[in-house]
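First the structure, in the form of structure tokens, and then the observations on it.
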Amino acid sequence: MNRILIGAQWGDEGKGKIIDVLARKSNVIVRYQGGNNAGHTVKFGKKKFILHLIPSGILHPGKVCVIGNGVVIDPEAFFQEVKMLEKEGVKVKGRLFVSEQAHMIFPYHRQLDRLKEESHKNKKTIGTTKKGIGPCYADKMARMGIRVGDLKYPQYFKERLAYVIREKNELLTKIYGDAPLSFAKLSKQYLSYRKRLLDFTCNTSLYLYEAARRGKDILFEGAQGTLLDVDHGTYPFVTSSNASVGGAIIGSGVSPTLIDRVIGVVKAYTTRVGEGPFPTEFEGPMMELIRNKGEEFGSTTGRPRRCGWFDAVIVKHAVRINGLGEMAIMKLDVLSGLPEVKIAKAYKMNGKILKNYPHSEYELVRCEPVYETMKGWQEDITGVKKWKDFPVNAKKYLRRLEDLLETPIKIVSVGSKRDQTVFL
Ligand code: IMP
């Protein structure tokens, strides 16, 4: 069974926990887009791991992990994560493969990410993670990127870098008034990664094809979420990769005919970190209440996340774009104790009801949610193990989400621990 796991909101849905559950039933786990802007939190035994770049399946002994061609790799971040895992006793060598076609993040990508964000202050800041993700993908599309495999041939690598640095230095000095980069220093730094990085590489697309033919089960671990997808998200307040299902195909070099199931992950409410439209965002004390109860602080940047009611309009959009066949609902326990819970089932714009997600930022910021209000539940649900044990109003809430999304809910998470997971 080859499955793709997708975030169906603005990221941070709790994918790490579901990947951990599904990784046990898989042989190979693949990251296919994004970079170290992601943060997948997994509680493993008594330890808590936050993985930014390496698939969280690495925590399961014997599983093979792949970083596909669609991922952008910051070598420093990669080595740091390998070191952290090895220090914790996780064997990495021989179990982790990196695509030679994956693009590398360079210090100038991080520098440009930061400079661009700062120069836009109070105007059009995206609120990026400043990890250099956007500028690296921009270079990839502009055919100015440098790939992991380019390190195989030092002379070729140097020629590529020299060509890129000429343009970057124009940009840095003339547009941003920053210091120019030293070609010699950067080239030496990246060539010093050569052996260590190339030791992990292989033709990952071919590897995955052959694994699938041998009947191995592959899990595709999505990062970020559908509403952060550069095409299908709240553009321009998005990340620079395809976080929806198409990204898995392109970013791993695997045919869609090999995919059996696409699973969506959502929170029982909504969060987003960074700027951009968010129709169901809370105001006043509800924001603090849910943020603190749900520990809604970014796992990569530590920034407080914005919180709001469940938005069925955006999730229905994600169900359609990704062809989600089933859903996992995370953090339902955070909503316990509220007198009422709300679900946005449509938007209202200039007096008109919109049932479908509008793509334009101009329209989205003018949309008001049309809420359906339901009674809340007061009971603590963190110990619930079976459907029958959920309070009546929590069951009604889940059933209503299923109706609105026209998709079955198969997993409900009621706490951060592995055993706080209810399979329906
Ligand atoms: P970038 O990916 O660093 O360019 O940031 C672009 C937008 O995506 C910003 O709003 C970030 O906060 C958001 N973002 C990037 N990665 C994640 C993630 O893993 N979870 C949630 N939001 C993210």
Side-chain angles (χ1 to χ4, degrees), residues 5-19 31-42 49-56 70-74 77 81 103 105-106 108-121 124-141 221-244 247 251 265-267 269-278 281 291 294-308 314 318 330-331 361 364-365:
L5 192 85
I6 299 270
Q9 293 161 320
W10 278 287
D12 306 320
E13 295 91 352
K15 295 181 289 296
K17 183 172 169 183
I18 302 302
I19 292 158
R31 267 284 306 269
Y32 52 82
Q33 46 71 232
N36 59 323
N37 49 349
H40 292 170
T41 307
V42 185
F49 291 87
I50 302 179
L51 290 159
H52 299 284
L53 193 54
I54 295 177
S56 26
V71 175
V72 286
I73 300 181
D74 186 328
E81 220 159 283
H103 284 244
I105 295 180
F106 282 75
Y108 50 79
H109 292 131
R110 287 194 301 271
Q111 199 175 343
L112 287 167
D113 200 354
R114 180 179 55 77
L115 289 166
K116 198 160 186 192
E117 285 284 282
E118 285 167 5
S119 73
H120 283 167
K121 267 258 139 63
K124 280 276 183 218
T125 305
I126 304 289
T128 74
T129 58
K130 298 190 183 153
K131 303 284 182 192
I133 307 293
C136 184
Y137 278 115
D139 276 359
K140 170 176 174 173
M141 291 306 180
E221 172 177 341
Q224 289 86 42
T226 306
L227 276 296
L228 286 173
D229 182 286
V230 67
D231 283 273
H232 299 292
T234 47
Y235 191 88
F237 297 95
V238 290
T239 190
S240 302
S241 65
N242 286 112
S244 61
V265 187
V266 287
K267 267 181 204 162
Y269 46 100
T270 312
T271 64
R272 113 166 265 178
V273 57
E275 304 302 318
F278 183 174
E281 188 167 12
R291 181 182 285 154
E295 296 175 34
E296 296 296 353
F297 296 89
S299 45
T300 299
T301 56
R303 289 178 292 176
R305 294 181 186 139
R306 298 157 65 195
C307 306
I314 61 158
M330 313 304 287
K331 291 188 155 184
E361 180 206 351
L364 265 172
V365 295

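All values below were derived from every heavy atom in this structure, side-chain atoms included, with hydrogens, water molecules and symmetry-related copies excluded. In listed order, ligands and their atoms are each counted from 1.
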Expected output: side-chain Thr125 to main-chain Gly127 donor-acceptor under 3.5 Å: no

Arg305 with Asp12: basic N within carboxylate O range, under 4.0 Å: yes

Val273 versus Pro304, closest heavy-atom pair with distance: CG2-O, 4.3 Å

Which atom of Gln33 lies closest to which atom of Gly222, heavy atoms considered: OE1-C, 3.7 Å

Amino acids in close contact with ligand 1, where any non-hydrogen atom sits under 4.0 angstrom away: Trp10, Asp12, Asn37, Ala38, Ile126, Gly127, Thr128, Thr129, Gln224, Leu228, Val238, Thr239, Val273, Gly274, Arg303

Leu228 backbone acceptor or donor facing Arg272 side chain under 3.5 Å: no

Check: Arg114 side chain, Glu117 main-chain N or O, donor-acceptor pair, under 3.5 Å: no

